[in-house]
Amino acid sequence: MSGKTFVDTNVLICAHDRDSGKKHETAKRVLRELWSEREGVLSMQVLQEFYVNVTRKIASPLPKATARAIVESYRSWCVQATVEDIATAFQIEDEARLGFWDALVVASASKSGAVRLVSEDLNAGQSILGVRVENPFAAR
């Protein structure tokens, strides 16, 4: 990978959910590469969604202390959303026909300077505000 890459919640969850099978290994590999290249970014929204999902919604929930330590470890990757980012998300929501929360992820990715957004939920191959969506779990 080259250039900043924004990580969506589903990829972060799979990297820490041992029950997610092949996706677990793929997501771990993606995150290891981003750590080594110092190219990973995400948002407070992603960290919040991650915490709720891994402590409550996955098959084998993580202990809160473990999930909190993981959130802390990604602190240096975090970009903060502003009111301007929310306005950008409104525009993306309307123009790209995304749900608001997905649009806010894209707005945060753009703000961070990411050239790529890894996500299972968004349309792979789509480019929004100069950020290309890639599904790391899609067969190549």
Side-chain angles (χ1 to χ4, degrees):
M1 294 186 190
S2 62
K4 286 188 179 183
T5 298
F6 192 96
V7 179
D8 199 1
T9 309
N10 50 61
V11 176
L12 190 60
I13 290 169
C14 286
H16 296 281
D17 178 7
R18 295 178 191 266
D19 296 326
S20 62
K22 289 182 181 179
K23 289 181 180 181
H24 175 66
E25 293 305 319
T26 299
K28 278 185 4 181
R29 179 185 48 76
V30 167
L31 292 179
R32 272 195 307 269
E33 289 174 11
L34 293 174
W35 275 110
S36 70
E37 296 169 2
R38 300 177 189 258
E39 296 288 353
V41 290
L42 45 69
S43 65
M44 183 68 67
Q45 172 192 350
V46 167
L47 290 177
Q48 292 166 335
E49 291 173 354
F50 167 81
Y51 179 80
V52 168
N53 281 284
V54 299
T55 59
R56 299 180 192 171
K57 297 183 179 183
I58 61 174
S60 301
L62 298 180
K64 287 181 180 179
T66 300
R68 290 171 183 169
I70 293 167
V71 167
E72 181 62 28
S73 73
Y74 287 99
R75 176 186 212 141
S76 64
W77 287 27
C78 196
V79 59
Q80 297 292 330
T82 63
V83 174
E84 289 80 14
D85 300 326
I86 293 171
T88 301
F90 293 155
Q91 180 181 356
I92 294 168
E93 178 184 27
D94 294 342
E95 292 176 3
R97 299 181 192 264
L98 295 178
F100 174 75
W101 296 114
D102 289 339
L104 187 56
V105 163
V106 173
S108 295
S110 177
K111 174 184 181 172
S112 75
V115 295
R116 179 178 26 257
L117 190 166
V118 288
S119 176
E120 183 177 33
D121 295 340
L122 297 170
N123 294 325
Q126 185 175 23
S127 185
I128 305 169
L129 295 181
V131 180
R132 187 180 66 257
V133 177
E134 293 182 7
N135 181 346
F137 308 121
R140 293 179 183 212

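Values in this document were obtained by computation on a predicted structure and should not be read as measured data.
Between I70 and H16, the shortest heavy-atom contact is CD1-ND1, 3.5 Å. Taking each heavy atom of K111 and Q80 in turn, the nearest pair found is NZ-O, 2.6 Å. The heavy-atom pair separating S108 from V79 by the smallest distance is O-CG1, 3.9 Å. Across all non-hydrogen atoms, the minimal contact from V118 to V7 is CG2-CA, 3.9 Å. In terms of heavy atoms, A27 sits closest to A15 at CB-N, 3.4 Å. Summarising the geometry of P136 relative to V30, their closest heavy-atom pair is CB-CG2, 4.0 Å, with the distance given to 0.1 Å.
Contact annotation: the side chain of I58 never approaches that of D19 to less than 4.5 Å [non-hydrogen atoms, C-beta and beyond]. Side-chain contact check for F137 versus V11: some heavy-atom pair is nearer than 4.5 Å.
W77 pairs in a side-chain contact (heavy atoms from CB on, under 4.5 Å) with only one of the listed residues (L12, L47, V46, L42), which is L42. Partner of F6 under the side-chain contact (heavy atoms from CB on, under 4.5 Å) criterion, out of V133, V115, V41: V41 alone. When E33, E37, E134 are each tested for a salt bridge (Lys or Arg N to Asp or Glu O under 4.0 Å) with R116, only one passes: E134.
Linking Ile, Leu, Val, Met, Phe, Trp and Tyr whenever their side-chain heavy atoms come within less than 4.5 Å puts W35 and F50 in one cluster.
To the nearest 0.5 angstrom, D102 atom CG is 15.5 Å from R97 atom CZ. To the nearest 0.5 Å, atoms CG (L62) and CG (D17) are separated by 7.5 Å. With rounding to the nearest 0.5 angstrom, the CG atom of D85 is 9.5 Å from the OG atom of S43. Atom OH of Y74 and atom CG of L31 lie 4.0 Å apart (nearest 0.5 Å). Atom CG of L117 and atom NZ of K4 lie 14.0 Å apart (nearest 0.5 Å). Put simply, CD1 on I86 and CG on L104 are 6.5 Å apart, with the number rounded to the nearest 0.5 Å.
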Subject >> Chi angles and distances behind the side-chain contact (heavy atoms from CB on, under 4.5 Å) call for V105, D121 >> reply: CA-CA 11 Å; V105 163; D121 295 340; over 6 Å; no
Original post:
So L129 and T88, side-chain contact (heavy atoms from CB on, under 4.5 Å) or not? Walk me through it.
Top reply: CA-CA 10 Å; L129 295 181; T88 301; 3.7 Å; yes
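Within 6.0 Å of CZ on R56 lie no more than 12 heavy atoms contributed by other residues, nucleotides or ligands.
A salt bridge links E25 and K28; the closest N-O separation between the charged side-chain nitrogens and carboxylate oxygens is under 4.0 Å.
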